[in-house]
Amino acid sequence: MLGFKTRLFRILQNKKKNKRLKPKSKSKYLSKKHVSISQDPPFKHSLAEDENEYEAGFNLKTSAPSHTHGVQPLGNLYLKSSHSNSRDTGLGNLRSLTDELVLDILGYLHAPHLGVLANVSKSFYVFANHEPIWRNLVLDSLKDGFLFDGSWKSTYVAAYYPRWSNVCGSKLRVGDFYSDYLFQSWLCANLEMKAEWLQRDNIVRKKSLSVEEFVLNFEETNKPVLLEGCISNWAALQKWNREYLISVCGDVKFAVGPVEMRLHDYFRYADQVKEERPLYLFDPKFAEKVPLLALEYDVPVYFREDLFSVLGDDRPDYRWIIMGPSGSGSSFHIDPNSTSAWNAVVKGSKKWILFPPDVVPPGIHPSPDGAEVASPVSIIEWFMNFYGATKSLKKRPIECICKAGEVIFVPNGWWHLVINLEDSIAITQNYVSRRNLLNVLDFLKKPNAKDLVSGTRDRVNLHDKFESAIQARLPGTINQLIQKAEEKMAEQKKLTFWDSVTDAHAGAFKFGF
């Protein structure tokens, strides 16, 4: 048995590229409406009896259901007289495996086998009905879209075994199953954003900014800014609601994670789902699919120089329509190909957190070559476990809430996280201007460019194609920019005595937001 488990462990470790980073010590307890997280030993915490009794901690959403199968945090076990955990008794010889490894093994099974396994014991019933397993089955097998039916398991059964859909709806509650790992997925799906996560708003906000001021103060200095009033003429602001988009898009399917879905079906999913990582509609070909949508917004005046346009149809993906329910969003990442970006909210609101290129966000672990990033599974999990650490950083992040009609500029190289605070619709575009051209060219010619470049089929030759097109369309531009960069570097080396003293007191590094 040990040899079997060892082999499985090695297979799974080699298979996994996206790692879940779990806090080393985490215990939870909750009342009906409140949840608190503590680093104290788990036996100090238990399920609160009075729904009004809670300690300063996390609030559950008012619509949050109890855990589907009655799974409780492990800390509750230590207050029970029996100390019996059906998780262990029902797994038999597999009890020594971690919950994550058990779920990884079950992830290899087909739906009928999971159904059989669920009848073996209460423990296997809980594991075999874990929603993320069924989510993967749906997304792997129904690439042309699906009709969400309240849960991922019900969705799969309705698609392949419609006669059994009514039976699938009944759920067994297990009263003595304790697992932090399984409980966490439910917890992250049902937590409200804490007030302190939304309070900080330290981004520079500008209205009626000239293009020259934008270039001088933000694009050249590579600093974020929130722009107000610059898309007030967009038809999208008045037109883009659900009914209008469904009517103009009809049966056109959009990219939603690994599948393609009609808007009507996606909104059906978004209205019902309560999960840790809601699917995000993020489509780079929306303008080709529904040309009318591209006519109902204009690129803000600040971002109209886009040098990647010299490549024509060979340019990497650069514009996306984005839709998602509350809780959906993008975990920490740097925008592709060293480009800068702008993001305009059409409906709803988004919380943004941005870190400068030289500061890796807490809890985020990029590989040395930048090709992979290990991070918490969900955005809420990052907030729960790492947001507090930002308060003690010397360089604290830029934060803001971007509302409908507002545009945020994301400079190249900045780490950023975005979470929708309500149902939201947005347009975003990545672009290359003269201020960023040299950075992009350097990025595209890195030795591992084939692993880093994205949004194009020809990753290896993109640098040469882009450089040649710039030389042909804008002769002398690259040399001028190189000369300007060298002059700027030389000027920075000519520090006065007072500048040198000031820098020494500042830790030999000056940075201002």
Which pairs pass salt bridge (Lys or Arg N to Asp or Glu O under 4.0 Å) with one or both residues in [range], sequence neighbours excluded?
range: residues 459-475; answer: Asp458-Lys465
range: residues 326-350; answer: none
range: residues 336-346; answer: none
range: residues 241-258; answer: Arg242-Asp271, Arg242-Asp423, Asp251-Arg262

* To do: Assess the pair Phe148 and Tyr266: is the distance between their ring centroids shorter than 6.0 Å?
  => no
* Quick check, are the ring centers of Phe282 and Trp320 under 6.0 angstrom apart? ->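 Yes, ring centres under 6.0 Å apart.
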* Asked: salt bridge (Lys or Arg N to Asp or Glu O under 4.0 Å) between Lys351 and Glu399: does it pass, once the steps are laid out?
  -> CA-CA 8 Å; Lys351 167 72 179 183; Glu399 300 184 39; 2.8 Å; yes
* Can you list the residues that meet the salt bridge (charged side-chain N to carboxylate O under 4.0 Å, His left out) rule with Asp451, with sequence neighbours excluded? -> none
Holding to ring-ring contact (aromatic ring centres under 6.0 Å, His included), I want the full list of residues that pass it with [X], two or more places apart in sequence or in another chain.
X: Phe332; value: Phe355, Trp382
X: Phe267; value: none
X: Phe254; value: none
X: Tyr160; value: Tyr156

Considering only NZ, NE, NH1 and NH2 on the basic side and carboxylate oxygens on the acidic side, decide whether [X] and [Y] come within less than 4.0 Å.
X: Glu305; Y: Arg434; result: yes
X: Lys153; Y: Asp149; result: no
X: Lys289; Y: Glu260; result: yes
X: Lys403; Y: Glu228; result: no

* To do: Could you pull out all residues at least two apart from Glu220 that satisfy side chain to side chain contact (heavy atoms under 4.5 Å, CB included)?
  =>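 For Glu220, the residues satisfying side chain to side chain contact (heavy atoms under 4.5 Å, CB included) (neighbours in sequence not counted) are Val215, Leu216, Arg435, Lys484.
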Just so I know, are the side chains of [X] and [Y] near enough to count as touching, which here means a heavy-atom distance under 4.5 Å?
X: Ile334; Y: Trp414; value: no
X: Phe466; Y: Leu441; value: yes
X: Arg205; Y: Glu406; value: yes

* Structure fact -> Across all chains, not counting sequence neighbours, the side-chain hydrogen bond (donor to acceptor under 3.5 Å, both in side chains) partners of Tyr269 are Glu275
For a quick check under 3.5 Å, do [X] and [Y] share a side-chain donor-acceptor pair by atom type?
X: Trp240; Y: Glu296; result: yes
X: Asp369; Y: Ser367; result: yes
X: Glu422; Y: Ser326; result: no

* Ignoring hydrogens and angles, tell me if any N or O in the side chain of Glu276 forms a donor-acceptor pair with the backbone of Cys188 under 3.5 Å. => no
* Considering non-hydrogen atoms only, spot the tightest contact between Arg319 and Tyr297 and give its length. =>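 Scanning both residues, the minimum pair turns out to be CD-OH, 3.6 Å.
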* Report, as yes or no, whether the 6.0 Å neighbourhood of atom NE2 on His463 holds more than 12 heavy atoms from other residues, nucleotides or ligands. => yes
Name each donor-acceptor pair under 3.5 Å that joins a side chain in residues 307-314 to protein atoms two or more places apart or in another chain, with its distance.
residue, atom, partner, partner atom, Å
Ser309, OG, Asp306, O, 2.7

